[in-house]
Amino acid sequence: MSAKTVTRFAPSPTGYIHVGNLRTALMNYMIARKAGGEFILRIDDTDPERSKEEYVDGIKHDLDWLGLHWDRVERQSERLDRYHAAADTLREMGRFYEAFETPTELDLKRKKQLNMGKPPVYDRAALGLSETEKNKLRAERGAGVWRFKLDQERIEWADGILGDISIDAASVSDPVLIRGDGQILYTLASVVDDTDMGVTHVVRGSDHVTNTATQIQIMQALGHTPPAFAHHSLLTGPQGEALSKRLGTLALRDLRERGIAPYALLSLMARLGSSDPVELRTDMAALIDGFDLNHFGAAPTKFDQADLLPLTARYLQGLPLESVSGQIAALGVPDDLAAQFWNVTRENITTLHDLEGWWHLFRDGADPVIDDEDREFVAQAMTLLPEGPFDETTWASWTAAVKDATGRKGKGLFMPLRHALTGQRHGPDMSSVMPLLQVVKARKS
Ligand code: GLU
């Protein structure tokens with residue numbers, strides 16, 4: 001029997017999550033759900049200074065909003081004993097060593113190596129230190145950092161997206177797993193968690209490829225079989241420009257505030273960068289059904305947040321009144337007009353924020369916009385407007401009466417009237433609009 005599929009989304013709570021993180025979360029979520037497995041939300045909070053509860057709450061809120069429900073939460077800050085135990089094991093095996101170089105010294109070494117045309121890999125000088133030298137350095141500089149001693153061989157894996165990867169461990173610095181102040185670093189914590197929690201598949205950004213190489217060796221040193229790895233490409237802007245600096249403005253909470261619908265975001269991010277078309281899906285099962293990690297490519301993935309708007313508009317068009325009645329009531333739309341209001345506006349909005357403008361228009365009337373040549377015509381038409389209440393037949397009977405009286409027809413008849421009543425040359429079907437026109441109705445009755 002094959003092992004249960006277990007995946008995790010492992011954000012560091014040092015900020016709000018953005019579209020790039022969502023891609024990672026979503027892929028891991030879909031893999032777990034598709035296999036009937038488990039999806040863990042792992043909070044990578046080993047950095048006590050930068051981790052904030054506010055961000056933990058924010059991450060959960062964002063995932064909830066999108067319906068990406070996790071089976072359990074794990075927090076690295078509660079598992080420090082496990083990481084120290086693993087560190088002890090590595091120390092006992094001779095795979096862990098203390099190093100004392102300051103950041104400035106390391107920088108200097110790197111520059112020298114680069115000048116000589118060599119890769120800037122840590123030179124392992126600390127391995128040559130005697131106990132006496134170490135004691136002296138410890139007394140002068142405090143505790144050193146702990147580095148994992150890589151086996152200098154090729155590290156290989158079949159990546160779920162990038163294909164066969166082979167990295168020469170000699171081209172990678174021995175990773176620091178514990179800082180001088182004792183803080184456990186992500187690389188070690190993640191390895192221990194992935195093995196303890198039975199994680200079978202790890203999908204993350206391609207900025208983690210080198211980490212994966214070192215993590216595979218650490219896992220093997222600790223006697224574990226590494227999970228399957230896949231690295232998705234990083235997102236770029238629509239022109240292919242780096243997005244890393246702008247990701248801050250693409251936080252999920254900001255998109256939510258801008259009125260982007262969850263399924264618009266999910267539909268885009270679940271397919272972007274794959275050979276499958278982006279189509280609006282309105283339930284999770286459909287998103288999961290059509291998801292296949294093998295369809296994703298290694299090339300950078302262009303993300304344009306403008307794509308979220310038409311998807312949101314299409315999503316809203318399909319919503320029944322019940323789904324938006326709260327927002328509609330909050331605008332002050334009377335209950336008996338809510339259904340009419342939604343029918344009229346749903347095809348004429350991009351986000352729910354646009355409802356407000358429509359309601360103000362219907363409630364307060366448009367600024368009178370009447371072209372000069374239509375002034376007389378509109379004035380005459382207004383005298384023919386029937387008494388309220390208006391209903392769906394009002395537009396037809398009114399425009400028929402105006403046509404008889406003025407001889408105008410077609411566009412010349414309808415356009416100035418629409419324009420006068422709504423301030424717009426295009427928009428919803430006027431038959432449906434008439435019953436909503438509060439001011440015009442009030443003026444007549
Ligand atoms: N906390 C890490 C990050 O946000 C997790 C990476 C991983 O998935 O292992 O980049």
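When a ligand or atom number is given, it counts from 1 through the structure's own listing order. In what follows, residues are counted from 1 in the order of the sequence shown.
Within 4.0 Å of ligand 1, protein heavy atoms belong to R8, A10, S12, D44, Y186, S190, R204, H208, listed by chain and number.
In this model, no donor atom of one side chain and acceptor atom of the other lie less than 3.5 Å apart for H61 and D64. In the model, T46 has no side-chain atom that pairs as donor or acceptor with a side-chain atom of R79 under 3.5 Å. Side chains of Q215 and T212: no donor on one and acceptor on the other come within 3.5 Å.
For S274 (side chain) and R271 (main-chain N/O), a donor-acceptor pair under 3.5 Å exists by modelled atom type.
Screening D193, T214, L177 for a side-chain contact (heavy atoms from CB on, under 4.5 Å) with L188, the sole residue that qualifies is L177.
When the side chain to side chain donor-acceptor pair (under 3.5 Å) test is applied to W359, no partner is found at least two apart in sequence or on another chain.
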